[in-house]
Every structure is written in C-alpha cells, then in structure tokens.
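Structure record follows, encoded as structure tokens.
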Amino acid sequence: MIWNKLLQPDLILEGSVLNLTPEIIQQYGLKGLVLDVDETLVPLTVGVASVELQQWVEQIRSSTELCLVSNNLSEARIGGIARSLNLPYYLGAAKPSRRKIRAALTAMNLPVHQVGMVGDRLFTDVIAGNRLGMFTILVDPIVHPDVALGSHPIRNFEVWISEILGATITAKETKIHKT
C-alpha cells in the first residue's frame, strides 16, 4: 500500500465523534466500530465519560457493535472509561500495530469491511484501520477546554505530512470510497 492510501481516511467528519450518527454509520454499511479513546472520546486529561458521550454510546449501540482500542497503558483510566460506557476494551494497542484491533474484530465476529476504525490520529488510528481494510473515520480531537485545537502540534504535523504524501485531509466532511 502506498503512503497516501494508508493515510487517507474514508470519511472525515467535521467535529467530534458525537457527530457520527446512526444514519452515517448505516449509510456506509457498518455493523461495528472500533473506537480510539484518548482525544477521540475524552480529552487526554479526563478520566470519565461525559454525559453526552454516554448518551451517544447508548444511541449507537442499539444498532452497532462497539469496542474501545487504546494505545494508552493505564488500566485504571481506560478501564474506568470503558466500564462507565459498558464497553469491551483493549489497551496498550501500539497502533498502527493491528494486533489488538484484530482481537476486537474477532470479538465482534464481524467481517472487517463492516467495521469502522474511528480515531483522531492519522498515523495511528487511520493507518492501522487502513492496513486491515477497515472503513476509516477521522474525527476532530476532543481536547480539554483549556487547550486550543490550533495548538495541537502532533495532529497538525500529521495532516501536513499526509497532504505532502498525497492524502486529502480537509476540515469539512469528506466521503471517499476505497477502490
């Protein structure tokens, strides 16, 4: 796979994961979602799921299998968030490694093309999902209100490098189908 294909999300959502609706999930034929945790679901400095996130999970889980896969090693933090959402989870994933995502896919018992990889990072979440042939969804990071998104140097660097390598990363919702 060439770099621009590895780094190209299938769907770029403007805003947070909370903008991912059951209608969008259904539109792409997805039956499951593997969700990154840090800054995809909760700010890095927060150890609990917000009420809005809990409501979103309840809405999505009625028609979609969900599993958390995080690079974070903290059982207390990731496990606590997962338990508050009543979701299975894997930590220490070392994405873009595919091992823990494969475990999540096996637990979901769904074909890989029916599962979306949802995350806020190109070089971890999107690459890992694309390497497995998943439908990849890039969302804006959820950051603590005291941290400005514009000062998110890692994400800004990833977008810059991705565009140099030929991926199309824009701030508006983009729909791209894999070939």
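Between Leu35 and Leu41, some side-chain heavy-atom pair lies under the 4.5 Å cut-off. Within the 4.5 Å cutoff, side-chain heavy atoms of Val17 are placed close to those of Val118. Between Tyr90 and Leu68, the closest side-chain pair of non-hydrogen atoms is not below 4.5 Å. In this structure, the side chains of Thr40 and Val139 come closer than 4.5 Å at one or more pairs of heavy atoms. At least one side-chain heavy atom of Gln54 sits under 4.5 Å from a side-chain heavy atom of Leu85. Looking only at side-chain heavy atoms (C-beta outward), Ile81 and Val42 come within less than 4.5 Å of each other. Side-chain contact check for Thr21 versus Ile25: every heavy-atom pair is 4.5 Å or farther apart. Between Leu138 and Leu13 there is no side-chain heavy-atom pair separated by less than 4.5 Å.
Within 6.0 Å of CD on Glu58 lie more than 12 heavy atoms contributed by other residues, nucleotides or ligands. Within 6.0 Å of CZ in Arg83 there are more than 12 heavy atoms belonging to other residues, nucleotides or ligands.
Salt bridge present: Asp125 and Lys95 bring a charged side-chain N and a carboxylate O closer than 4.0 Å.
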Let me see the working for Glu39 and Asp120 under side-chain contact (heavy atoms from CB on, under 4.5 Å), right down to the final yes or no. CA-CA 7 Å; Glu39 296 190 337; Asp120 67 305; 3.5 Å; yes
Run Leu11 and Ile24 through side-chain contact (heavy atoms from CB on, under 4.5 Å) and show every step you take. CA-CA 10 Å; Leu11 176 64; Ile24 293 171; 3.7 Å; yes
Go through Leu30 and Val115 one step at a time and tell me if the side-chain contact (heavy atoms from CB on, under 4.5 Å) criterion holds. CA-CA 5 Å; Leu30 301 175; Val115 181; 5.9 Å; no
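If you check the side chains of Tyr89 and Glu75, you find a donor sitting under 3.5 Å from an acceptor.
Atom CG of Leu105 sits about 10.0 Å away from atom CE of Met117, to the nearest 0.5 Å. Rounded to the nearest 0.5 angstrom, Leu7 CG and Lys5 NZ are separated by 12.5 Å. Atom CG in Leu87 sits 10.0 Å away from atom CD in Glu65 (nearest 0.5 Å). Atoms NZ and CG, on Lys31 and Leu110 in that order, are 9.0 Å from each other to the nearest 0.5 Å. The structure places CZ of Arg77 at 7.5 Å from OG of Ser70, a figure rounded to the nearest 0.5 Å. For the atom pair CD1 (Ile101) and OG1 (Thr106), the distance works out to 12.0 Å, reported to the nearest 0.5 Å.
Put simply, the side chain of Asp140 never gets that close to the backbone of Glu14: no donor and acceptor are under 3.5 Å apart. A donor-acceptor pair is defined here as one N or O able to donate and one able to accept, closer than 3.5 Å; no such pair exists between the side chain of Arg98 and the backbone of Leu132.
Taking both residues in full, the closest heavy atoms of Ser74 and Asn72 are given as N-OD1, 2.7 Å, listed atom of the first, atom of the second, then distance. Taking both residues in full, the closest heavy atoms of Trp56 and Leu20 are given as NE1-O, 2.8 Å, listed atom of the first, atom of the second, then distance. Contact record, Asp36 with Gly119: CB-CA, 4.0 Å, taken as the closest heavy-atom pair. Summarising the geometry of Pro9 relative to Thr136, their closest heavy-atom pair is CA-OG1, 3.3 Å, with the distance given to 0.1 Å. Heavy atoms only, all atoms of each residue included: Ala104 and Cys67 are closest at CB-SG, 3.7 Å. Taking each heavy atom of Ala93 and Val69 in turn, the nearest pair found is CB-CG1, 3.5 Å.
The side chain to side chain contact (heavy atoms under 4.5 Å, CB included) with Asp38 is formed by just one residue from the set Thr124, Ile78, Val46; it is Ile78.
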